[in-house]
Every structure is written in structure tokens, then in C-alpha cells.
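Working notes for the structure below.
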Amino acid sequence: MQIYFEEKTGTFHLTNSFYSYIIKILPNQQLGQLYFGKPVRHKESFDYLLEMASRSMSPCVFEGNGFFSLEQVKQEFPSYGTGDYRHPAVRIQQSNGSAITEFAYTGYEITSGKPALEGLPATYCEDDKEAMTLHVFLKDQLTGVKAELLYTVFEAVPALARSVRYTNEGEQAVLLDTAMSMNLDLPDSDYEFVQFSGAWARERFEHVNHLRPGIQSVESLRGHSSHHHNPFIILKRPDAGEQTGEALGFSLVYSGNFLAQAEVDNWGVTRVSMGINPYNFSWQLKSGDSFQTPEAVVVYSDRGLNHMSQSFHKLYAKRLARGVWRDKARPILINNWEATYFDFTEDKLVGIASQAKDLGVEMFVLDDGWFGQRVNDKAGLGDWVANPDRLANGITGLAERIDQMGMLFGLWFEPEMVNKDSDLYRAHPDWAIQTPGRNMTHGRNQYVLDFSRKEVVDYIYDAMAAILGNAKVSYVKWDMNRSITEAFSAVLPAEQQGEVMHRYILGLYDLYERLTQAFPHVLFESCASGGARFDPGLLYYAPQAWTSDCTDAVQRLKIQHGSSFCYPISSMGAHVSMSPNHQLFRSTPLKTRGNVACFGTFGYEMDLQLLSDEEKQEVVEQIKFMKEYRELLQFGTFYRLLSPFEGNFTSWMVVSEDKKTAIVGYYKVLNEVNGPFTRVFLAGLDPELDYQINGSAVQGGDELMNIGLITTDSSAGECKDKNLQSCDFDSRLYVLKAK
Ligand code: DGJ
């Protein structure tokens with residue numbers, strides 16, 4: 001890893017063994033982008049990459065020079081209104097109504113390691129030798145606003161972290177209303193734009209479209225990153241697949257309104273920008289104020305999508321997630337939500353926990369409905385005190401009973417919300433976000449607390465800390481079940497109302513930070529009606545997330561497959577639930593439900609007392625398997641082999657670091673009579689080693705990767721042996737061990 005600066009040509013070259021990233025101070029002192037791709041040897045000048053050409057109708061910066069046009073030149077930190085008509089990285093409203101800025105280079109600094117971003121989640125180093133950071137300073141002289149562009153290169157991962165810090169060194173207040181975290185102009189547009197979109201219970205489905213002139217984007221305006229689009233996109237070459245080819249992943253470490261956009265201009269240049277969604281955003285920067293954007297992480301891969309994903313997994317599992325649980329295999333849990341919904345008593349809960357304990361489960365999680373008057377979804381949110389009618393000895397008493405059974409205890413909260421029917425709302429109706437004189441739109445009968453206000457966050461902190469400090473709680477499921485509407489804060493002046501959505505997220509991060517610091521032993525799992533806030537921002541505080549409210553194994557193939565493009569297996573909450581499934585009403589074999597959930601943090605979301613003895617025995621085996629292999633499943637190198645978005649079969653694989661153990665999951669949606677022969681090409685094995693497959697057949701790593709693992713079924717309709725018969729929604733696991 002190295003960061004070079006060439007004084008004479010004004011060239012910065014950031015490089016490691018994976019990529020080169022080259023930028024240059026332009027003739028007008030703005031910052032230009034020259035190259036991002038496979039590593040190249042360093043030299044003093046790469047000026048030929050400026051590719052300036054005289055084009056009719058292009059506005060030019062210098063009189064008498066028809067070549068230097070901002071709409072022609074590839075840039076790092078573009079603004080609108082001085083010749084570049086593409087979307088900008090920055091826009092600043094000034095007191096005279098102008099929004100023109102000219103950010104010119106003033107200096108740079110190279111530091112070892114990576115600085116923390118104040119109040120925001122971000123990737124980090126444990127040792128300064130792991131990364132280097134370039135700080136480029138630019139200033140708009142007229143307003144006095146300074147921009148510090150931060151670029152971190154990592155030694156061991158093909159990732160580049162970027163963000164911008166603004167400081168108003170001028171006299172007058174200004175309004176920052178576009179503050180993207182990164183801008184990257186790529187020289188051509190022969191890319192496919194891959195996005196991960198969906199809806200509640202159908203999150204992060206993969207969609208692939210070739211770039212075309214104009215804009216392709218995904219965004220959120222909901223106040224959270226959302227079920228609908230994830231703050232993550234990929235630009236891949238059309239010939240790039242899972243194992244080969246060039247792919248660039250762009251991920252925003254942020255949980256609120258975002259925009260991820262690719263704009264193809266008329267000369268085929270692709271501008272990628274990512275950051276806080278500029279729509280409805282503005283931030284007042286008074287003289288002396290600073291504003292830090294969230295961090296964007298770009299990963300470069302010339303070895304296909306699996307390598308890109310593995311790079312994100314490595315960085316996010318080890319240098320974004322924090323705390324004592326970061327490196328630990330996660331406890332196998334049972335959650336009562338789908339078992340009881342709101343209908344439970346303490347004894348009923350203990351019955352569920354005790355059966356689960358007998359089968360090998362390690363942690364019992366009490367979901368929604370334990371506090372205030374919360375007996376349905378119409379009341380109680382905000383009142384974080386146990387309901388004595390349900391829990392006679394409070395959370396402390398129940399946690400004690402669970403502890404005595406030898407299980408860990410976990411608890412559900414939805415800290416950001418309030419029902420009108422609650423003591424909190426009755427005491428502080430103005431704490432719910434609302435716009436004066438307007439209707440208050442509800443979602444699931446609830447309203448959003450104004451987390452942009454410190455006193456609100458303080459109150460919720462105290463309430464949660466009182467529970468966590470007085471009971472043996474090892475895990476918190478932090479839910480969030482609606483989007484924000486009528487965004488407005490009662491305590492901000494008119495000119496600062498554009499700050500509410502971002503201030504809300506800062507308040508959320510503040511609460512997470514305080515709770516994770518005060519209760520470092522607690523494993524936090526984020527959740528937002530399932531996966532509406534499955535984003536890198538929250539991984540910084542909660543190393544795992546509830547991937548989706550859909551627990552159907554077949555739908556989960558797509559959800560977990562889509563999520564795996566950016567997010568590590570250790571971050572994906574995955575549970576075995578009842579059949580027929582509660583969201584899709586589909587019946588699937590218990591085996592398949594287990595085989596899908598084991599590529600995740602694993603648990604059960606059902607009343608195991610309702611199972612037959614035979615099924616209970618199967619659960620015992622699943623748990624035994626998970627305990628033996630969870631370290632590998634959650635932290636091994638993960639490969640996607642077959643995609644549920646492309647056909648009837650899905651296959652995933654994890655390989656241990658020493659390549660001596662691997663697990664392959666193979667899943668079939670519909671059964672076929674007399675189907676074709678099938679085989680799956682494995683990946684990541686040692687070609688020199690021989691592997692025993694499920695304790696019997698032995699094949700070489702070279703064979704398994706080059707010839708493939710034979711997965712042909714005993715054909716349905718012909719096979720009379722019940723043990724070999726296949727069915728719809730069938731699956732298999734293969735454990736490979738080097739001999
Ligand atoms: C939505 C979550 O995603 C579910 O798992 C469950 O916790 C419910 N909320 C409870 O209200």
C-alpha cells in the first residue's frame with residue numbers, strides 16, 4: 001500500500017496490491033480523476049489520461065483555451081454551474097441566492113491509519129499499519145468553505161473508503177444542500193448496474209441492467225435505508241461473473257436517506273455518486289461549523305463478484321463490526337414472535353424456552369409485547385417497563401428463570417417509536433415527529449420519536465439502560481417498524497428543517513453508541529420490519545441484522561443470496577420457522593429450512609413443543625451440526641455457486657482459511673421427473689488436496705472445481721427407495737474434509 005504525491009504534476013497515486021487510484025490537481029485547481037483499476041507502476045505524470053478534447057458547445061474555463069472544459073474532464077469533487085452539467089458532489093446556497101462554488105486545491109496530508117468520523121459509523125483500523133489516509137484540502141474562496149476529502153487505502157483489502165468534511169471558515173452562514181460522500185468519473189459506460197431492491201419480506205433481490213445514457217439510481221427518502229433499495233450498487237463488466245471479470249462495488253455506511261447513482265453522459269463517461277440523498281436535505285453551516293458526510297466504501301475486483309463480496313465481507317465483519325461479539329460464533333436462539341405473537345404468559349414463554357433448551361438451543365429471545373399496555377400493536381410503544389400482568393417479576397424475574405435453565409436471555413425493543421396510547425405520548429405528545437397543522441400519518445398505529453432531539457434520546461437511553469442494567473440480558477433485538485412522515489422538528493428553526501432526517505440518524509447512532517459502550521457484553525441485532533435497515537451503518541453497532549420478516553426457506557434463498565453480495569454471513573439473522581410458513585403459507589421440509597438458515601446466524605422462530613418426536617430429533621441433529629460448523633459457516637470464505645435469480649437451483653459454499661474444510665449447500669425449488677444430470681463447480685478449494693465428501697467418497701479439489709460435484713437426483717417418479725426420493729424444495733449439505 002502506498003500513497004504517492006508528485007509535486008510537479010500535482011498527481012496523487014493511491015495504490016495497494018489490488019488497484020491504482022490516480023487523481024490530479026487540474027489547471028483550475030479543482031480535483032480531477034485519472035484512473036481507477038488494476039494496479040499500474042507509479043510515475044510522475046499520467047497527464048495523458050486527462051483526454052481533453054475540444055468539443056463544440058462545451059463551455060471552457062480559460063479564455064482563449066477551447067480545451068479545458070469541466071463537462072469534458074473527469075472529476076473527483078464536481079460542482080454545478082461552472083461548465084459541468086452533470087449532477088454535482090456539492091451544492092452550497094449562499095446568502096445572495098447563488099449556489100456557484102469553485103473548490104480549489106490548497107494542500108494535502110498523508111497520515112497512517114484511518115481517522116474516526118465524528119458521530120458516524122465507519123470502517124476502522126486496529127493498527128496504523130493496516131491503512132493509509134490521504135487528506136486533500138480544497139477551499140471555495142468566496143464563501144470560505146473548506147472541504148477535506150478523505151481517501152483511505154487498506155493494505156489487505158481492495159477497498160477505498162471516502163468521505164468529505166466541510167468547515168465554514170467564512171463569515172457568513174451557508175446552506176449545504178448537496179454533500180455526496182463520493183464522486184467517481186469512469187472513462188466508459190460498458191457496465192451493468194446491479195441493484196438490490198424489493199419490498200417488505202422480499203428485500204435485496206438482485207436486478208441487473210446495462211447502463212444507458214442518462215441516470216440510473218437507487219435511493220431512499222423514507223428516513224431509513226429501506227426494504228425498497230439497499231445503499232449498495234455494483235458496476236460490473238457484462239462478461240464478469242461470480243469467478244471472473246471486473247466489478248466495482250459501492251456501499252454507503254449510512255442508515256438514512258441515501259442516493260446511489262450512475263450518470264452516463266453524452267461522451268460515454270459514467271459518473272458514480274453516492275451519499276445522503278440531496279432531496280429534502282440541507283444543512284446550515286454557520287461560521288466555524290463543520291459537517292462530516294457518511295463514508296462510502298468502494299471495492300475493486302478483477303476476479304469476479306465473489307471476490308468483490310469476499311472483500312466486503314472481510315472488511316465489514318472485521319473492520320466495521322465491533323465489540324466482543326465481532327469474532328464470536330453466534331448463539332443459537334429461539335425467538336417467540338412467530339410462536340406466540342402477542343399472545344403469551346410467562347409460563348408459556350418458559351415452556352417454549354425449556355423445550356428449546358432440551359433440544360440444544362442456547363438463547364431465548366422475548367420479542368414484542370412485554371412492556372406497558374402492549375397486548376396488540378395499538379398501544380405501549382414508548383413505555384419500556386415490563387407489563388406486570390404478563391411478567392409478575394418483570395424482565396429481571398424472567399431473565400433469572402431463563403438463566404437458571406442455563407440459557408442466555410435476549411430482549412426486543414423498538415426504541416424509536418411511540419403509540420398514542422402510551423404514557424410517554426400522553427406526557428410528551430410533541431416528541432412524536434409531526435408538522436404543525438398537518439395530519440400525523442401513522443404506520444402500524446405508531447409514530448416516530450424525534451431522535452434529532454437530545455432529550456428524547458436521553459430519555460430512551462435511561463429507560464433501556466434501566467432494563468439492561470437490572471436483568472441478565474445478553475442480546476437485544478432493536479426493531480423499527482415504520483418510515484418517517486411529516487418530517488419536522490419542533491425545536492429547530494425554519495432554516496434548519498432540512499436537517500431533520502439526518503439529525504434523526506445521528507440521534508439513532510448516538511443511542512446505539514451509548515448503549516453498546518455501556519453494555520459491551522450485549523449482542524445487538526438490528527431489525528426494521530425485517531430488513532429495512534440492513535445497512536453497513538448499523539453493522540458498526542450491531543454485528544448482525546434480522547435479514548427479513550420472511551422466514552420461508554425458498555424466498556430466503558433469494559433474500560440471503562442478494563444480501564450476500566455486500567454483507568457477511570455472520571451478519572444475517574436466519575431462523576427455522578413453522579411450516580406452512582406464516583408469510584407465504586408454503587410447506588417446506590424441516591431439512592431445507594435448516595439448510596438455508598445455517599448460512600446465517602441460525603435460530604428457531606417457532607414453538608418447538610408442537611413438533612413430532614421425529615422432527616424434534618431432526619432439530620437436535622441440526623443444532624449439533626450448527627454447533628460443530630458455525631464458526632466456519634459464519635466466518636469462512638463464502639462463495640455463491642448457483643443463483644436463485646437464474647434458475648431452479650441455488651448453491652452456496654464456505655471454505656475454511658486453511659482450505660481443509662468446506663460446506664456446500666445445494667437447493668432445488670421444484671422437483672422434476674426424470675430431470676437432467678446436474679453438477680456444481682466448486683470454488684476456493686486446494687487443487688492439490690483430496691476431500692472426503694460427507695464422510696465417504698473422496699475427490700480431489702482440482703476435480704471438484706474443474707469437473708464439478710455431481711448433484712444429480714435419484715429421479716422422482718422412478719426411485720422406489722424413500723430415503724433417496726427427492727421432492728419440491730429439497731436441499732442437501734455436503735461437508736468436505738481434506739484427507
Ligand atoms: C417486526 C420484526 O421484524 C419481527 O421479527 C417482530 O419483531 C415484529 N416486528 C414485532 O412487532
Side-chain angles (χ1 to χ4, degrees), residues 198-204 222 224-228 230 255 330 333-344 349 352 363-384 386-387 390 395 409-419 421-422 442-449 464 473 475-483 523-535 538 542 544-553 555-556 559-560 563 571-578 581-584 593 597 600-607:
W200 173 77
R202 181 164 58 75
E203 297 92 336
R204 292 173 297 286
R222 297 176 164 264
H224 53 92
S225 48
S226 89
H227 297 106
H228 305 76
N230 199 256
S255 310
R330 306 296 158 72
L333 65 82
I334 181 132
N335 177 306
N336 76 303
W337 179 242
E338 289 195 17
T340 65
Y341 296 103
F342 288 109
D343 181 19
F344 60 81
L349 297 175
I352 292 171
M363 177 160 75
F364 171 74
V365 177
L366 172 55
D367 211 282
D368 196 354
W370 56 267
F371 49 90
Q373 291 309 304
R374 186 82 169 165
V375 289
N376 53 42
D377 66 14
K378 294 188 179 57
L381 285 172
D383 298 341
W384 299 109
N387 178 346
R390 293 184 155 206
I395 288 297
F409 177 69
L411 192 59
W412 180 97
F413 286 93
E414 195 177 358
E416 300 150 72
M417 298 293 157
V418 67
N419 287 116
D421 186 0
S422 69
H442 81 94
R444 204 195 188 198
N445 308 302
Q446 64 195 52
Y447 301 86
V448 186
L449 289 171
M464 289 177 78
V473 180
Y475 160 106
V476 164
K477 177 176 172 187
W478 183 315
D479 208 345
M480 195 270 187
N481 284 302
R482 62 157 293 184
S483 308
L523 169 60
F524 282 80
E525 174 161 324
S526 74
C527 171
S529 288
R533 227 169 30 188
F534 199 127
D535 57 57
L538 286 194
Q544 60 189 59
W546 182 225
T547 314
S548 174
D549 268 354
C550 186
T551 54
D552 172 73
Q555 175 92 339
R556 273 290 184 130
I559 295 169
Q560 292 175 211
S563 306
S571 69
M572 282 189 224
H575 300 167
V576 176
S577 64
M578 254 347 232
N581 173 265
H582 288 194
Q583 295 78 40
L584 274 171
R593 283 175 271 150
T601 58
F602 202 78
Y604 292 84
E605 184 102 11
M606 57 157 85
D607 183 350

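Indexing begins at 1, ligand by ligand and atom by atom, following the structure's order. Numbering of residues begins at 1 and proceeds along the displayed sequence. Since the model is a prediction, treat every value here as computed from it, not as a measurement.
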Problem set entry | Protein residues having a heavy atom less than 4.0 Å from any atom of ligand 1 | W337, D367, D368, W412, R444, K477, D479, N481, C527, S529, G530, W546, D549
Problem set entry | Sidechain-backbone polar pair: T547 side chain, G573 backbone, donor-acceptor under 3.5 Å | yes
Problem set entry | Residues that H224 engages under ring-ring contact (aromatic ring centres under 6.0 Å, His included), provided they are two or more places apart | none
Exercise. Does a salt bridge link K477 with D367, judged by any charged N lying under 4.0 Å from a carboxylate O?
Worked result: yes
Problem set entry | 4.5 Å side-chain heavy-atom contact, D479 and W546 | no
Problem set entry | ring-ring contact (aromatic ring centres under 6.0 Å, His included) partners for F342, two or more places apart | W337
For this session: Please list, chain by chain and in numerical order, all residues satisfying ring-ring contact (aromatic ring centres under 6.0 Å, His included) with W370, sequence neighbours excluded.
Result: W384, F413
